[in-house]
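Working notes, beginning with the structure itself.
Every chain is numbered from 1, with letters handed out A, B, ... down the list of sequences.
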2 protein chains.
Amino acid sequence: MAGLVKGERSRRVLEAVILEYIQGGVPVGSRAIAKRYGLNVSPATVRNVMADLEELGLLFQPHTSAGRVPTDLGLRVYIDSIVQIQQLSGADRERIKRSYQGGVPRVEDLLKETSKVLSSFSKQAGVVLTPRLSKIGFKRIEFIRLRPNIVMTILVSKAGIVHNTIVDVEESITQDELDKYSRYLNGLLQDLTLRQVKMRLLEEMKKEKVLFDRLLGKALELSQQALNENIEESELYIGGRTNLLDNPEFADVEQMRRIFNAFEEKSKIIDLLDKSMAGKGVNIFIGSESELLDMENVSFITSPYTSGNEILGTLGVMGPTRMDYSRIIPLVDYTAKLLSKMLEEAF
Amino acid sequence: MAGLVKGERSRRVLEAVILEYIQGGVPVGSRAIAKRYGLNVSPATVRNVMADLEELGLLFQPHTSAGRVPTDLGLRVYIDSIVQIQQLSGADRERIKRSYQGGVPRVEDLLKETSKVLSSFSKQAGVVLTPRLSKIGFKRIEFIRLRPNIVMTILVSKAGIVHNTIVDVEESITQDELDKYSRYLNGLLQDLTLRQVKMRLLEEMKKEKVLFDRLLGKALELSQQALNENIEESELYIGGRTNLLDNPEFADVEQMRRIFNAFEEKSKIIDLLDKSMAGKGVNIFIGSESELLDMENVSFITSPYTSGNEILGTLGVMGPTRMDYSRIIPLVDYTAKLLSKMLEEAF
DNA sequence: TATTAGCACTCATCGTCATCGAGTGCTAAA
DNA sequence: TTTAGCACTCGATGACGATGAGTGCTAATA
C-alpha cells in the first residue's frame, strides 16, 4: 500500500491536505496548500495532483466546488507510509509521569488513572481494557459465610486485584469449615495463573481421593463455582468521554447518540480492543475499518500493555478520524510502555 | 404555597398546561386546552386565566404570540398540590420485580441493576448512590502481603460489600503475622458498623496495653490506615445516560455537554443526592431549585432507600424538567421500597 | 358580573430568491 | 510540465414575504 502514491510531491500534497484538515476540520482547497507548506508550485498544479489522489481514493470531494477531505484510505496511507512518528518530548513524558503521583495504588486505580491520563493528554476519550482474570497470578482465596447457605468468595491476585463472587450452597456451612477450605486451597494453588487454577481444580476433582475426602470435595466445588463466571472477561475504563463533545464533527445528536451508546454498552469497544491485543505496538483503526462499530468518523489508536512478557490488556485513545495522529500515536505508545513498567513492579 | 392558586378552574388550567407541555414539549395555547380537558369554557376565558397564572409566576410566555410554558415554580405547585400520585399498577410492579431475576446478587450488582431498572422504566437516566462505608456492618478484615512492605487490606461487610486498600508499611511483615492480626481484629470488631469500628480502634490504641503488645499495636495501626480514607464517601451508579439524548430539549450540544460533564464529575450529583437523604419519601428537585448544578431544565426525582431503620443511600431518576412526574414519582417510590426490602434480607 | 365572540396584532417558522465567494476543471500560453 | 486565466458550480448567507398559531383587547351576551 505504501507504493500506492507515486511521487514525492503527491505524498507532500496528501500530507498537507491531511494536516490542514486535521487542524481545521473543513475541506481544504488548493490555494491554502500552495501558499503554506512551501511546495513552490501554483494552486493549479496542486489541483492536478489532488485530482490524481482523488482517483486513487485517497481524497474525497464533498461537492464539486468544495475542497478535498482525506478518505479513511488516505489517512491509512498517511499513517503507514508518510507520517514519521517522533518521540514524545521529554517535557511531555515528565508531565505524564507526574500524573501518576502518590503512593502505591491499587491496580484498578492505576488503570482508571491511565484512562484519564490518556484522555487529558489527547483531548479525546481514553480507554483501558483491564486484564482478563484468567491471566492474573493467584495469590489467595477466602471464603466468608454471609448467611447460613450463602458464601462469598474473594480471590486476590498477586498484583492485588480483588474479585469477589457470591455462591449459593445447598447445605449450610460454618465459617470454621470455610477457613479450612481456604487454608487448603491457598497451599495447593500458589504461583498459578487463574486459568491454571481452574484447570488444576478440575484435575484434582477427578482424583480418587476426593471421593473419600468430603472436605476436599467441597472446597474444590466451591472454588470451582467462584471461578466459573467471567474470568475470561475484561472490564473497560473510559476517561474523558465529554472531550468528544468538543469535536465539531460530532455536533449532530445522532452521531453522539451512537458513540455514547457504545460507551454504555461497552461490549463493542471491548471486542475491538480485544482484537488489538494480538498485534504488538501501536495499532490504528480508522473509521470504517473497525466494522464492529456502527460509527463512522471514529478512530482508535491502541497499544497493548504488558507485565514481563505477558500481554495483559490494551489501552488507547478514541477520537474522530480527524485526530492528531502524529501527536497521539507516540502518546499511546509511551503510556503503554510506562504502564507496563509500573505493572512490572507490581506483578 | 398550595394556596397560591386561587380557584379550582385555575388549578385545572395549570394542570392542563403542564400535562400538555409534558406531552408535547412545545408552548401550549388556549385553544388546545379549551378543546381537550373538558373545561367547558372558551379559549378567551382560558386566556384570561393563563394571564393570571403568568402574573403569579407559574407560567411563562417565550414570546408575545406564543403559547404558555410552565415555570419551575409552576411545576412545583403542580407537584405539591395538584397532581395526585397514583399507585404503580400491579403489572408494572411485576415487571420491575422481574427485572431483578437470578440468584443471590452482590449488593453492588443489585444497586447497579437498580440504576438500570430506573432508567429503563422512566426512559430517563437512573441514579443510585451507594451506602457510605461508614454505615455498613463489619463482618471481616483480612490482610494480605503483596510485597514485603506492601499489604492489602480487605474489608467485608455483613451484606457482602468488599472494600480493599493498599497500605505501605515501613518494615516488612510476614503473612503469618498478618494472619494473627486479622484473627485478633475479627474477634474484636464483630457486630459494629465501620464508623464504630473506626472509633473503637482509636479507643483501643489509647489503652496502655498497646504500648506493651507490639502485635496489637501494629494490627490496630494497619486497620486504622485501611479505614482512613473515604469511608464517608459514596459511589454513584448511573444507568441509561443515553436516554437523555432522546429529549428534544437537550438537543443542543452545550446543554448536553453540561449534563455529561456532571456525569463524569459525579461529585455534584452526589452532593445533590446526599441532600435528599435527609428527607423521607420522594424528593423532587426542579430545574433551578438544585442550584448545585449549572443545569437548567434538569429535574431529579429521588428517594432514600433503607435497610431496617437505617437510611443507606438514595436512588432516583434524572431527566428534563418536562418529565412525566405522575408516572415517575411512583416508580421511584416503589423501586426504593423494593430495594429496601431486598436489602433487608441481605443486611 | 363573568363569559365569550370577534378582531387586529405579534412573531417564529418556512420557503423562495438573489448574492457571494471559495474552490474547481479546463484551456491555452509559457 | 507548469501555470495563468476564466467560466462554472454550489453551499452558505441573508433579505423578504407568506403563513399561521396564538395573543390581548373590546364589545356584546347570558
Legend entry - Listed partners of B:N283 passing side chain to side chain donor-acceptor pair (under 3.5 Å), at least two apart: none
Inset, instruction - For A:E54, enumerate each residue passing the side chain to side chain donor-acceptor pair (under 3.5 Å) test, keeping only those at least two apart in sequence or located in another chain. - result: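 Applying side chain to side chain donor-acceptor pair (under 3.5 Å) to A:E54 gives A:R68.
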Inset, instruction - For B:F260, check ring pair (Phe, Tyr, Trp, His ring centres under 6.0 Å) against everything at least two apart and list the hits. - result: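 With neighbours one apart ignored, the set is A:F260, B:F263.
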My understanding is that only residues two or more places apart in sequence, or in another chain, count here; which of them pass salt bridge (charged side-chain N to carboxylate O under 4.0 Å, His left out) with [X]?
X	result
B:R36	B:E20
A:E264	none
B:R31	none
A:D72	none

Legend entry - Partner residues of B:V127 under the side-chain contact (heavy atoms from CB on, under 4.5 Å) criterion, sequence neighbours left out: B:L236, B:I238, B:L273
List the atom pairs, with distances to 0.1 Å, where a side-chain N or O of residues 318-326 of chain B and a protein N or O form a donor-acceptor pair under 3.5 Å, not counting sequence neighbours.
residue, atom, partner, partner atom, Å
B:R322, NE, B:E249, OE1, 3.4
B:R322, NE, B:E249, OE2, 2.8
B:R322, NH1, B:I22, O, 2.4
B:R322, NH2, B:E249, OE1, 3.4
B:D324, OD1, B:S326, N, 3.4
B:D324, OD1, B:S326, OG, 3.0
B:D324, OD1, B:R327, N, 3.4
B:Y325, OH, B:S299, OG, 2.9
B:Y325, OH, B:T321, O, 2.6

Legend entry - Terminal contacting nucleotides, 5' and 3', DNA chain D versus chain A (heavy atom, 4.0 Å): D:dT2 to D:dG11
Please list, pair by pair, any protein nitrogen or oxygen found under 3.5 Å from a nitrogen or oxygen in nucleotides 15-23 of chain C.
residue, atom, partner, partner atom, Å
C:dG23, O4', A:S65, O, 3.4

Legend entry - Closest-nucleotide 5' rank along DNA chain C - winner of A:M50 and B:N48: B:N48
Inset, instruction - Would you kindly compare B:P43 and B:P62 by the position of their nearest DNA chain C nucleotide and give the one closer to the 5′ end? - result: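 Its nearest nucleotide lies further toward 5', so the answer is B:P43.
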Legend entry - Helix axis bend for the helix from C:dT1-D:dA30 to C:dA30-D:dT1 - C1'-based end axes, five pairs, 10° rounding: 20°
Legend entry - Interatomic distance, B:I328 atom CD1 to B:F300 atom CZ [nearest 0.5 angstrom]: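 With rounding to 0.5 Å, CD1 (B:I328) is 12.5 Å from CZ (B:F300).
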